Structure formats: C-alpha cells, structure tokens
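Owing to the predicted nature of the structure, the values given are computational and were not obtained by experimental measurement.
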Amino acid sequence: MDFNESDTLNDILVSDCSIAGNPVCVHQTTYVDTVFLPFWQNGYTMVYQRCCRNGSLNNIINPLNTGMTLVAELSAAAQSVCKSSPQIGSYPPIYICVNKDINFIPNAFDREGDSLGFSLATPYSGGDIINNMPQPPNAPPYELVNWRPPYSLANICGGVPITIDPVTGRITGKPSTIGQFIVAIVINSYRNGVEL
C-alpha cells in the first residue's frame, strides 16, 4: 500500500504522574487503500512485520533485536458478510503513573454492530536486524517475544496485574515499576456467537 500519512505523537511527558520523565517518541504511520479479494474458503491473514523495538523496554529480552508482527485475520465467515475490521476509538495513553490505578477504555466499536471480545496476548516477534521488513512477510506460525523475568503475560509491568475486561475492553491494573513496557491487545468480532 502507498504511504498515506505520518505523525509523531506526544513526544514530551504529559501526565499527572508528578515526576519529570524523559521524552518518548511515538511515531504513527497510516496506510490506506482499497483491495478487492476473491472469496477464499481458507480466509486471509494480513501481516505487517518490522524490526525492531525500543531498546529501553523493560519486560522483554533483547528488544533491540526483537521485531514485531501485526496480524489481521479475515475468515470465510467474515468474507461472506462483507465484514469490516473493528475500529479503535482511542489509543491507550503513552504514559501511565507508577503506583496509580489504570482505568482505560479503548472505545472500540464495530461498524456492523457485531459484538467485540478483548484479550491481552504475548506479542509476536518478527523482522530482525538482517531482514528488518520482510517482503513478503514471513508465514505463520509466528514466534512470540521472550518475556524478561519476572515479567510475563500475567505480570506485564509489575504491581497489580494489568487485566482487560473481555466484553468492554476496559484495561485496569496498578504498575509498581517505572519503565517502558510492551502490551498487546487482541480484538475479535462476533456475530450471533460466531467469531468473524
């Protein structure tokens, strides 16, 4: 897809954490296109892979050499009803305060009114120093990142564990460690109890 738009988000610390922090640069890039795909019973898997992650991440091993794989799946059932992807109304804040409760709702919605299910997941790795943006992307199964002990999916950033409500997407928790942490959220779409 052709490059569409690029923006740097919130590159200075803006929070009520009562601390002076180092700036964190978050870059967002947008690609927009329309592609017509023939119906395929096996479904489609759309993948973007890139290396590498911010070296200051606390909760995974070797982040500078660990890429990412972002995946969107389009099942046969979704194709048969011309399904669109769930939309995220607001992204999580770049900064959260240590020892303060997190209470964030992503305001995700579905254009067709289908129900959404939310979960946290161990992120996929993908791309590396040698092949930093595989074209075409590597095929599944995708490797997972390696959590740095004591972190895990059950202990993403220390303190009261980060959890997500499977129905509303509300993220709660109370981190006890100052640092940078990777968190992966999965959103699934359902119609009449069938995952699309």
Side-chain angles (χ1 to χ4, degrees), residues 1-7 9 26-50 53 59-60 66-94 96 102-127 133-145 147 152-154 156-157 161-173 181-196:
M1 294 182 195
D2 292 332
F3 170 78
N4 182 266
E5 181 181 359
S6 178
D7 191 17
L9 308 175
V26 176
H27 195 78
Q28 173 179 287
T29 305
T30 305
Y31 295 84
V32 177
D33 202 349
T34 301
V35 178
F36 295 95
L37 301 170
F39 178 83
W40 191 34
Q41 184 61 40
N42 294 331
Y44 290 93
T45 301
M46 291 150 277
V47 179
Y48 176 77
Q49 293 180 316
R50 186 68 194 208
R53 298 180 188 270
N59 59 348
I60 65 171
T66 302
M68 69 178 83
T69 298
L70 307 175
V71 178
E73 295 176 341
L74 184 64
S75 67
Q79 293 172 69
S80 68
V81 296
C82 206
K83 180 74 184 133
S84 63
S85 296
Q87 302 297 303
I88 299 173
S90 55
Y91 288 92
I94 294 169
I96 56 176
I102 299 169
N103 185 13
F104 171 77
I105 300 176
N107 297 317
F109 63 94
D110 187 275
R111 288 183 180 148
E112 290 86 22
D114 296 323
S115 59
L116 300 178
F118 301 85
S119 60
L120 297 174
T122 297
Y124 293 130
S125 63
M133 192 172 150
Q135 291 298 322
N138 298 311
Y142 301 113
E143 292 184 27
L144 301 173
V145 300
W147 295 106
S152 66
L153 184 56
I156 292 174
C157 58
I162 303 295
T163 60
I164 190 166
D165 184 292
V167 176
T168 66
R170 179 186 299 270
I171 298 170
T172 58
F181 304 91
I182 183 173
V183 178
I185 300 170
V186 177
I187 304 176
N188 292 315
S189 227
Y190 299 89
R191 183 174 297 175
N192 300 322
V194 176
E195 183 179 346
L196 298 175

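Contact of the Gln49 side chain with the Tyr124 side chain is not registered, since no non-hydrogen atoms from C-beta on lie closer than 4.5 Å. Contact of the Thr69 side chain with the Pro137 side chain is not registered, since no non-hydrogen atoms from C-beta on lie closer than 4.5 Å. Considering only heavy atoms from C-beta on, Ile171 comes within 4.5 Å of Ile185 through its side chain. Looking at Leu196 and Glu112, their side chains never come closer than 4.5 Å, going by heavy atoms from C-beta outward. Within the 4.5 Å cutoff, the side chain of Asp110 has heavy atoms near those of the Lys83 side chain. Using a 4.5 Å heavy-atom cutoff, the side chains of Pro123 and Arg53 are in contact.
Remark: Asn59 CG to Phe181 CZ distance equals 6.0 Å, nearest 0.5 Å. Residue Ile182 holds its CD1 atom at 5.0 Å from CD1 of Ile60, rounded to the nearest 0.5 Å. Between the CG atom of Leu116 and the CD1 atom of Ile187 there is a distance of 6.5 Å, given to the nearest 0.5 Å. The structure places OG1 of Thr172 at 12.5 Å from CZ of Phe104, a figure rounded to the nearest 0.5 Å. Trp147 contributes atom CH2, which lies 6.0 Å from atom CG of Leu153 (distance to the nearest 0.5 angstrom). The structure places OG1 of Thr163 at 9.0 Å from CD1 of Ile102, a figure rounded to the nearest 0.5 Å.
Taking all atoms of both residues into account, the shortest heavy-atom contact from Val167 to Asp165 is N-OD1, 2.8 Å. Of all the heavy atoms in Ile164 and Gly169, the pair that sits closest is CG1-O, 3.5 Å. Listed here is the closest heavy atom pair of Thr168 and Phe118: C-CE1, 3.7 Å. When all heavy atoms are compared, the tightest approach of Gln79 to Phe39 is OE1-CA, 3.2 Å. Across all non-hydrogen atoms, the minimal contact from Ser189 to Pro86 is OG-CG, 4.1 Å.
Around CG of Asn192, the count of heavy atoms belonging to other residues, nucleotides or ligands within 6.0 Å does not exceed 12. Residue Arg170 places its CZ atom among 12 or fewer non-hydrogen atoms of other residues, nucleotides or ligands, all under 6.0 Å distant.
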| message | Using the rule given for side chain to side chain contact (heavy atoms under 4.5 Å, CB included), can you reason through Val47 versus Tyr142, listing the C-alpha separation, both sets of side-chain angles and the distance that settles it, and then say yes or no? | response | CA-CA 10 Å; Val47 179; Tyr142 301 113; 3.0 Å; yes
| task | Show the numbers, then the answer: is there a side chain to side chain contact (heavy atoms under 4.5 Å, CB included) between Ile88 and Asn107? | result | CA-CA 6 Å; Ile88 299 173; Asn107 297 317; over 6 Å; no
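No hydrogens or angles considered: nothing links the side chains of Thr45 and Glu73 as a donor-acceptor pair under 3.5 Å.
Using a distance-only test at 3.5 Å, with no hydrogens or angles considered, no donor-acceptor pair links the side chain of Glu195 to the main chain of Gly193.
For Tyr190, there are no ring pair (Phe, Tyr, Trp, His ring centres under 6.0 Å) partners two or more places apart in sequence or in a different chain.
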